[in-house]
Amino acid sequence: MTATDDRADAPAASIEDRALALLARTRRWHWAEAAFWLGAAASFALLPDSHLLLTEIAILGLFALSLDLILGYAGVVSLGHGAFFGLGAYVAGLTSIHLTAEPLTGLLLAGVAAGLLGALTAPLLLRRATDLTRLMVTLGVAMLLYEAANRMAWLTGGADGLQGVMIDPILGRFEFDLMGRTGYAYSLVVLFVLFLFARRVVTSPFGMSLRAIRGNSLRAATVGVPVGRRIIAIYTMAAVYAGIAGALLTQTTMFVSLDVVAFHRSADVLLVLVLGGIGYLYGGLVGALVFKLLQDGLSAITPQYWQFWIGLILVVLVLIGRDRVPALWRRAVRRGGAGA
Amino acid sequence: MSAALQTIGLHKCFGGLVATNDVTLTLAHGARHALIGPNGAGKTTFVNQLTGVLAPDAGQVLLGGIDITRLGRTQRVRLGLGRTFQINQLFGDLTPVESIGLAVSERMRGGGDFWRGLGTRRDIAREIAELIERFGLGDVMALPTRDLSYGKQRLLEIAIALAGAPRVLLLDEPAAGVPEAERQDLLDTLGRLPRDVSILLIEHDMDLVFSFADRISVLVNGGLFAEGTVAEIMAHPGVRAVYLGGDEHG
């Protein structure tokens, strides 16, 4: 009698356990992830001459990661993500001049300011929520911000840039140096901490609801997902991240110019993300690495035409489909392995 | 005692076309009620007004006696109005486990949780497992939904709706496009849906309607044409004329 009961319960229990294991799997660390971050840490010790370039990569990576949160998870396209980056950069600069040169305060205020702008503009993305209107609305907001920064020269320094940005040592101990050693360590730690948080968020029920919105927002609404509220939440979070990335740029270069709100910021970050792949968090980081190395390498070979090659690579990549690149790579490796 | 779902004088025009014409319909508690009608009779427009996709020009929709006419889609779902779609509306990237888990966690108001993973929620896993079993999705539970066969996707469509623990479930042509081999599976599953869920079945397929429903309403040209038990509708001369005449098709 009990034996039959056990047998009847057995399959149910096993499906339940399997379901639980499947849900837990998304949070488990893959060895490649550990390798990635160990490599990043190692780069600090092993590549002391490249710290300035590596800092640029870390900042661009964080910026692209923030775009991935909205594009890769919620499916919200943007051509104006640079607005948050630029606002963060200016707020960090102004904080250091007018309030305090303590870097973490500047970072925090930059994140808050960008987050506020994100929360205020996000509802604009919900009206007539097509990709085209979203591209135009985000682009428009970025243009408004650019013109505001240009006009308010008394505050921003206008076309001359913000002069006199000085940043205190981090935690009162680690002074920013010309070789970018402190700057890189600082950027890398901020990137890692924010990455960990983002990873937690995208693997949570909230993150799953974003993937559902991206996959089918009609059905998401029909299972009770408050689509608009979720989009506003992730858009705000992404804006905070972009603002912090902008603040890192200000603090590590001790300079802010109109360039931080220029259109190419928004275009580059989209390009970087597409280069690295959307929807798995590492795309922005890998894309930033590839983009900056290409930029660095190509501009050494052909200073005039490096953008031509970047453009060509982008077109080829998008046409082949990045999903197929790893498959082509594996096939090539297998063929090589069989030959050897 | 109020009905599970009720419409009172529901009316909707598109320009000169009257798509829903003064429809007053009552879905009793625990009902197996079918809404049938030829193509273009206004079934989809009617369902869209029930679920909040379209706002009616006049009339009311009551869910368990509560007026939901002005509520949004998500609010209606949260009050217990579930639906499936005539054309699959699924999450291609998500597995059946994730899709059902999403619906369960949203029902528990835990969908906004950005910290605690579902991997620690045995209560949710238990509900997922129950639905996976009931719908026979065990062997495909870990696959991305887009890789499932059409019949399995049809079943998942209903499983997701049921995960929201609806009090009223609208099934919009659940058998549409299901190949013959997987059809019986689907019909059996429909027959085993919990009796405490009141169901409105919108359907074309008369075999399915006659085997599933205990009450039938017939919609023609946006208006309620006839209503009764299965036997009454089968014997109704007007309904036979509408279905055999064929001039309403198109």
Shorter than 4.5 Å, heavy atoms on both sides: which option in [options] has the most such pairs with chain A?
| options | answer |
| --- | --- |
| B:Thr51, B:Leu90, B:Val53 | B:Leu90 |
| B:Arg73, B:Arg107, B:Gln75 | B:Arg73 |
| B:Gly111, B:Gly164, B:Ser105 | B:Gly111 |
| B:Gly101, B:Gly52, B:Ala142 | B:Ala142 |

Quick check: are there more than 12 heavy atoms from other residues, nucleotides or ligands sitting under 6.0 Å from [atom1] of [X]?
| X | atom1 | result |
| --- | --- | --- |
| B:Arg109 | CZ | yes |
| A:Trp31 | CH2 | no |
| B:Phe114 | CZ | no |

Report which part of [X] has an atom under 4.5 Å of a heavy atom belonging to chain B: side chain, backbone, both, or neither.
| X | result |
| --- | --- |
| A:Leu20 | both |
| A:Arg200 | both |
| A:Ala233 | neither |

Between [X] and chain A, with a heavy-atom cut-off of 4.5 Å, which part of the residue counts as in contact: side chain, backbone, both or neither?
| X | answer |
| --- | --- |
| B:Arg76 | neither |
| B:Ile132 | side chain |
| B:Leu102 | both |
| B:Ala161 | both |
| B:Arg78 | side chain |

For this session: Count the heavy-atom pairs under 4.5 Å between each of A:Val225, A:Leu22, A:Ile213, A:Val202 and chain B, then report the option with the highest count.
Result: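 It is A:Val225.
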For this session: Heavy atoms only, distances under 4.5 angstrom: which of A:Pro205, A:Ala21, A:Ala220 has the most pairs with chain B? Name it, please.
Result: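 With the most close heavy-atom pairs to chain B, the winner is A:Pro205.
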Exercise. With no hydrogens and no angle check, do the side chains of B:Gln89 and A:Thr222 hold a donor and an acceptor under 3.5 Å apart?
Worked result: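 No donor-acceptor contact under 3.5 Å links the two side chains.
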Exercise. Taking the six-membered ring of A:Phe195 as reference, does the NZ or CZ atom of A:Arg199 fall below 6.0 Å from its centre and within a 45° cone about the axis?
Worked result: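 No, A:Arg199 does not lie over the aromatic ring of A:Phe195.
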For this session: On the 0 to 90° scale, with breaks at 30° and 60°, tag the A:Phe197-A:Tyr241 ring pair as parallel, tilted or perpendicular.
Result: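 Tilted, since the angle between the ring planes falls between 30° and 60°.
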Exercise. Thinking salt bridges, do B:Asp113 and B:Arg121 make one under a 4.0 Å N-O criterion?
Worked result: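 Looking at B:Arg121 together with B:Asp113, the answer is no, because their closest N to O distance does not fall below 4.0 Å.
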Problem set entry | Pair A:Arg211 + B:Glu98, salt bridge at N-O below 4.0 Å |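 Answer for the salt bridge query: yes.
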Exercise. Would A:Phe206 and A:Tyr73 count as a close aromatic pair, with their ring centres under 6.0 Å?
Worked result: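 They do not qualify: ring centres at least 6.0 Å apart.
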